[in-house]
2 protein chains.
Amino acid sequence: MDVPLAAPQGSLTERLAGAMRQRIASRALLPGAKLPSIRALAASAQVSKSTVVEVYDRLAAEGVIHSRRGSGFYVAGHLPPLSVADVGPRLDRAVDPFWVSRQSLEAGEGALKPGCGWLPPSWLPEDILRRAMRALARADEGALVDYGTPLGLPALRQLLSRRLAERGVEAAPDQIMLTESGTQAIDLLCRMLIEPGDVVLVDDPCYFNFHALLRAHRARIVGIPFTPSGPDMDAFAEALAQHRPRLYVTNSGVHNPTGATLAPAVAHRLLRLAEQHDLVIVEDDIFADFEDEPAPRLAALDGLERVIQIGSFSKTLSASVRCGYVAIRRDWLERLLDLRIATAFSAPRLSTELVSRALQDGSYRRHVTALRERLHRARQRTAARLAAIGIRPWIEPRAGMFLWCRLPDGVDAADLARTALGQGVVLAPGNVFSLSQTAGQHMRINVAQCADPRIFEVLKQAMREAA
Amino acid sequence: MDVPLAAPQGSLTERLAGAMRQRIASRALLPGAKLPSIRALAASAQVSKSTVVEVYDRLAAEGVIHSRRGSGFYVAGHLPPLSVADVGPRLDRAVDPFWVSRQSLEAGEGALKPGCGWLPPSWLPEDILRRAMRALARADEGALVDYGTPLGLPALRQLLSRRLAERGVEAAPDQIMLTESGTQAIDLLCRMLIEPGDVVLVDDPCYFNFHALLRAHRARIVGIPFTPSGPDMDAFAEALAQHRPRLYVTNSGVHNPTGATLAPAVAHRLLRLAEQHDLVIVEDDIFADFEDEPAPRLAALDGLERVIQIGSFSKTLSASVRCGYVAIRRDWLERLLDLRIATAFSAPRLSTELVSRALQDGSYRRHVTALRERLHRARQRTAARLAAIGIRPWIEPRAGMFLWCRLPDGVDAADLARTALGQGVVLAPGNVFSLSQTAGQHMRINVAQCADPRIFEVLKQAMREAA
């Protein structure tokens, strides 16, 4: 029996029990299925029979399995509804990606959350939105009450087409589909591109929600170590040969969580390999407007042949107004539209009318220009404050709000996050971004959320306790 | 080899080729898989060998399969991306549910579309929305730019909780999750509740997008004949025993497409059976505000034990403002929240702020009261006009915008829809709603979209041609 023993921590019994729970929760073992005998599992998992006895006892006490006298052990019949957490490995709740999202989303506006993935409301252009809203209050009734067309508002798709062209991505308005968010865009693409069990490559570390999303699609996720110039190309080539992945999901503009940008040579080699192995790439470009000078984009180099680009306005305009997009080759678009109708019915309308109005004059461009400068200063200031307490960024990012930081030796980021939460500070410990769980000494810091000096006090004290 | 020959029309060759295409597209047959020999397929599908030769020739010409000399036929290696249409049976495009949705969504505002599923923009309360929009332009910055909390805006959940209580559904605000739409709500619930291959019951006929949505989840769909008082309870009991379904998805307020309402005795028996067979029910209640006097609700009778209710404001307030909700038992909500974060990240914010303001005073209640009366008159007027050309409603609905109509003998609804489309009229032929394809002589008419007398001229003439 093939029992994955992925989690590096915990006793042998705990690890084996966890692996069994996961196989049952993901229905790799179905309700009613007979489990291996104690002797057989001990042999295949290379543990003692007493360990297996302990594991089966524990699972039976939890109601996950039950024994039938003289016949062996069976998976229990009644399962609670599935969840992503069941489909993927259930991590310690303090380093669970959902925990970071939930804490960040639930924290009040005054909370300290250097771990969260967005700007404070005061950094976003409320005036632009109020003006757009007043303009929309005078719009035609269709804009206010009717469904959107399947691709979404033509005016906004035209505007996006021009903006993409500025970054070298040639996408005609009829190659662009508007969505509720960048996440919804990736979700629809997964529905179109992958089957349960397909292998998908991600960067290690990567945006933690990619793990959760791909698990919801029952993909097999393979991580590629990320370097300051992009994914490690030797590991990438090896993964292509070994796992035959269908899809690679990445941020290539400003990488989350590391802040790195893709080097041209890496981008070129990556696309050549993708072509050889018939790999499709989803390039998540939601941080594009943070860049002064665009780094290489896979979608631009590839001409949207096998790269699909997605984006949104959540990070630079408003997260309240849900609006994302997909730029994709024309012959794949019909299928995507059918899937959207099936799972969300129509394109968003009101939010796209609003974004279209917000982007109409030069105000948004002026806003992002000022934002880049403000982020630049915040990165410098935060890096200096972190250095003073022994925390150092992995690289100095050219753009964006994130610093991927290394903690002093002996400090575990998950422990630190737990302690800091007790002090009202939400952190993002490295392993929530790492499939291989090798970023236990790293942490993602959002420089725009670090204005309050209490954050550094709490970090300093928590590190002293954790060390 | 088990080749489903579902499509009742087309030559034997076409049907067999279609079935093979579907098995390949859905990856029941994987790329590289060897196909049965000509002799073996002829025997199992009970057709002649020459039919199989013709089928294999055709599929090879399409590039779907290829032959290797002396070795047989194989599934071709390169597949286009999956789509819902591939996962489910590909129907004739004129009676394809996606076609109805796409035609309805793409048609301009002046188009004649008695087949579409929503009210004309002029029937919706634009003044209420303009007022809400102006109020929102003055709101706190958080409402304009920040993410929503995981469950969604507390003020709107409180309001929904009170509205649900008026219909007998007891759901506290912390049992309500806001979504982008009713469709997104059902989609998330499917993600939580079903696995690929699980059986789901639907009404026959039912809202056609249920078929598309469930196919996107790779469910096995079983239809239950629908009667004027609800699903046929004997067929329901039989399906429970035979197929052991996990889920039943229905509209029980005003049924789409029939306009029927659930009889109390049927509701009661249905819930008893559901309990005996551990069936979960999703009750789609998006037409609730069309009713003067609420018909029995499964969610009310069951107390949200195994019934989950969803709703939205797309039909009575605005389809442009995307806002739906789920009312669900508390212990299932955590899992649903995790799934939402994984696949859409946050709850909608701006749209919910807007709906909350739109519902704040008595204007919306006055609007829906007037709307019900207007729909009542439109149902009577449209029924009379239809009767004059020989089209009769199956029942006289108590509420809503739909008449489920029977065409004169000899008139096929799909033929009629094709002919009418040539005249610029979008119809909804019965079989798009029917899993068993037994509604070929029925048609759903939206009375609110029937003000233009040309519709009846086109219908009359098209029926003459089709007969």
Side-chain angles (χ1 to χ4, degrees), chain A residues 27 81-85 98 101-102 105-106 109 118 121-122 124 126 129-130 133-134 136-137 141-150 180-181 183-184 187 191-193 195-196 209 212-213 215-216 278 318-322 332 335 337-339 341-346 348-351 353, chain B residues 27 78 81-85 98 101-102 105-106 109 118 121-122 124 126 129-130 133-134 136-137 141-150 180-181 183-184 187 191-193 195-196 209 212-213 215-216 278 318-322 332 335 338-339 341-346 348-351 353:
Chain A
R27 301 203 190 182
L82 284 169
S83 80
V84 171
F98 290 116
S101 301
R102 294 278 289 274
L105 290 169
E106 279 164 7
E109 288 188 15
W118 53 90
S122 63
L124 292 172
E126 53 167 309
L129 285 155
R130 288 187 205 284
M133 196 90 63
R134 286 192 300 266
L136 189 52
E141 66 180 6
L144 299 172
V145 301
D146 210 359
Y147 283 100
T149 55
E180 309 275 7
S181 63
T183 309
Q184 192 207 20
D187 185 44
R191 290 185 128 130
M192 181 173 86
L193 294 165
E195 284 279 283
N209 214 38
L213 177 63
R215 278 179 195 131
D278 205 12
S318 164
S320 171
V321 181
R322 306 301 286 153
W332 290 359
R335 292 159 186 274
L337 280 171
D338 280 355
L339 278 164
I341 287 176
T343 60
F345 198 61
S346 79
R349 172 92 183 246
L350 191 94
S351 54
E353 298 272 1
Chain B
R27 303 204 189 181
H78 289 278
L82 285 168
S83 79
V84 171
F98 289 117
S101 302
R102 295 278 288 274
L105 290 168
E106 278 163 7
E109 288 190 13
W118 53 90
S122 63
L124 292 171
E126 53 168 308
L129 285 155
R130 290 187 204 283
M133 195 91 63
R134 287 193 299 267
L136 188 52
E141 66 179 6
L144 299 173
V145 302
D146 209 0
Y147 283 99
T149 54
E180 309 274 9
S181 64
T183 307
Q184 192 208 18
D187 184 45
R191 290 185 128 131
M192 182 173 85
L193 295 166
E195 283 280 283
N209 215 39
L213 177 63
R215 277 179 195 131
D278 204 12
S318 164
S320 173
V321 181
R322 307 300 286 153
W332 290 359
R335 293 158 185 274
D338 280 354
L339 277 165
I341 287 177
T343 60
F345 199 63
S346 79
R349 172 89 185 248
L350 191 95
S351 54
E353 297 272 1

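Letters A, B, ... mirror the listed sequences (proteins, then strands); counts begin at 1.
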Taking every heavy atom of A/Val321 against every heavy atom of B/Leu144, the minimum-distance pair comes out as CG2-O, 4.2 Å
With a 4.5 angstrom heavy-atom cut-off, is it the side chain or the backbone of A/Leu129 that approaches chain B, or both, or neither? side chain
Give a yes or no on whether the backbone of A/Ile341 and the side-chain of B/Asn209 come within a donor-acceptor separation of less than 3.5 Å. yes
Where on A/Ser346 is there a heavy atom nearer than 4.5 Å to chain B: the side chain, the backbone, both, or neither? both
Between B/Leu136 and A/Arg130, is there a side-chain heavy-atom distance shorter than 4.5 Å? no
What option among A/Leu337, A/Leu124, A/Thr343 has the most heavy-atom pairs under 4.5 Å with chain B? A/Thr343
Donor-acceptor pair, A/Ser320 side chain versus B/Arg349 backbone, under 3.5 Å? no
Rounded to the nearest 0.5 Å, what separates atom CD in A/Glu180 from atom CD in B/Glu180? 4.0 Å
Which heavy atom in A/Arg134 sits nearest to a heavy atom in B/Ala137, and how many Å separate them? CG-CB, 3.7 Å
Between B/Arg322 and A/Pro348, which heavy-atom pair has the shortest distance, and what is it? CG-CA, 4.1 Å
Any idea which of A/Thr183, A/Leu350, A/Val145 has the most non-hydrogen atom pairs under 4.5 angstrom with chain B? A/Val145
With a 4.0 Å cut-off, would you call A/Arg191 and B/Asp187 a salt bridge? yes
